Amino acid sequence: MTSSSSAYLDGPTIALLVGGLVVAGVCAISAINGRPPGRLTLGLTWLMQAAVTAYCAWYLVRQLDGQSPEGPAWELWAYLVTILLLPALAIIWAREEPSRWSTVVLAVGAGVVAVMAARTAQIWAGIGLVPGA
């Protein structure tokens with residue numbers, strides 16, 4: 001598989017990638033309009049948190065089933081724990097400081113989750129590894 005291949009993007013990864021970008025877009029538009037976190041932005045972030053939890057559980061089941069990542073397992077799990085914590089921490093921030101900037105934090109968190117989910121799939125498939133390292 002070449003580094004330009006997108007064959008590593010499976011269904012759950014695509015769902016989290018697209019979902020994260022949609023949540024980031026909705027939150028960014030809300031922030032641009034000067035709105036504090038509301039039912040829509042917090043609700044979408046909670047939905048993304050549920051999706052991330054399922055995504056991490058999916059990787060856990062895969063490893064318990066005997067499959068292993070092509071890349072380093074510690075790096076895979078570092079990414080998974082990070083994306084598991086990001087939406088939760090963004091929600092806590094938004095609840096503690098309900099300002100326009102909290103909506104920006106929700107948007108950034110969702111965007112980072114989307115990118116890190118794609119990178120997690122790359123680590124699993126062994127894409128982007130330095131040969132001999």
Side-chain angles (χ1 to χ4, degrees):
M1 194 176 324
T2 64
S3 61
S4 64
S5 175
S6 62
Y8 65 91
L9 291 175
D10 47 25
T13 302
I14 291 172
L16 197 54
L17 179 61
V18 171
L21 293 175
V22 167
V23 173
V26 169
C27 291
I29 290 169
S30 184
I32 289 169
N33 288 328
R35 295 189 184 127
R39 295 178 87 178
L40 178 64
T41 54
L42 285 171
L44 287 174
T45 306
W46 274 111
L47 185 61
M48 186 177 59
Q49 178 68 51
V52 166
T53 303
Y55 189 71
C56 291
W58 179 63
Y59 272 103
L60 179 63
V61 167
R62 287 173 80 179
Q63 283 207 292
L64 292 176
D65 193 35
Q67 299 176 36
S68 61
E70 296 292 323
W74 67 266
E75 186 177 7
L76 174 80
W77 284 101
Y79 272 84
L80 288 172
V81 168
T82 301
I83 65 172
L84 186 61
L85 293 174
L86 272 173
L89 293 173
I91 289 168
I92 290 169
W93 183 319
R95 300 287 297 200
E96 291 297 316
E97 183 198 331
S99 69
R100 164 190 171 178
W101 295 107
S102 297
T103 311
V104 172
V105 169
L106 293 175
V108 170
V112 170
V113 164
V115 171
M116 289 184 79
R119 180 62 188 138
T120 300
Q122 288 178 335
I123 294 167
W124 184 269
I127 295 174
L129 300 177
V130 177

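Just so it is clear, the structure is predicted and the values come from calculations on it, not from any experiment. Heavy atoms only: backbone and side chains are in, while hydrogens, waters and symmetry mates are out.
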Examine Tyr79 and Val52 and state if one hydrophobic cluster contains both, with Ile, Leu, Val, Met, Phe, Trp and Tyr joined whenever side-chain heavy atoms are less than 4.5 Å apart.
yes

When you look at CZ of Arg95, are more than 12 heavy atoms from neighbouring residues, nucleotides or ligands closer to it than 6.0 Å?
no

Leu80 vs Trp58, test: side chain to side chain contact (heavy atoms under 4.5 Å, CB included). Steps then yes/no.
CA-CA 11 Å; Leu80 288 172; Trp58 179 63; over 6 Å; no

Minimum-distance pair of heavy atoms, taken over all atoms of Ala114 and Leu17:
O-CD1, 3.3 Å

Just wondering, more than 12 heavy atoms not from Glu96 lying within 6.0 Å of its CD?
no

For residues Gln49 and Leu84, determine if any side-chain heavy atom of one lies less than 4.5 Å from a side-chain heavy atom of the other.
yes

same_hphob_cluster(Leu76, Leu86) at 4.5 Å side-chain heavy-atom cutoff
yes

Side-chain contact, heavy-atom cut-off 4.5 Å: Arg35 with Thr41?
no

Around Trp93, counting heavy atoms of other residues, nucleotides and ligands shown, do more than 12 lie under 6.0 Å from its CH2?
no

Quick check: do Pro87 and Val113 have side-chain heavy atoms less than 4.5 Å from each other?
yes

Do Asp10 and Thr13 pair up side chain to side chain, a donor and an acceptor below 3.5 Å, judged on atom types alone?
yes

Pairwise side-chain contact, Trp124 with Gln63, heavy-atom cut-off 4.5 Å (strictly under)
yes

In terms of heavy-atom contacts, Thr103 and Pro37 come closest through OG1-N, 3.1 Å

Nearest 0.5 Å, please: how far is CD in Glu75 from CD in Gln122?
10.0 Å

hydrophobic_cluster_shared for Leu60 and Ile123, side chain cutoff 4.5 Å:
yes

Side chain proximity check, Val105 to Leu89, heavy atoms < 4.5 angstrom:
no

For Ala107 against Ala24, the heavy-atom pair lying closest together
O-CB, 3.4 Å

Measure the CD1-SG distance between Ile83 and Cys56 for me, rounded to the nearest 0.5 Å.
4.5 Å

Please answer whether the main-chain N or O of Met116 pairs with a side-chain N or O of Thr120 as donor and acceptor at a distance below 3.5 Å.
yes

CE/Met48 to CG/Leu16 distance, rounded to the nearest 0.5 angstrom?
7.5 Å

When clusters are formed by joining ILVMFWY residues with side-chain heavy atoms under 4.5 Å apart, either directly or through shared neighbours, do Ile29 and Val112 land in the same one?
no

Is there a chain of hydrophobic side chains (I, L, V, M, F, W, Y, each step under 4.5 Å between heavy atoms) that links Trp77 to Leu64?
yes

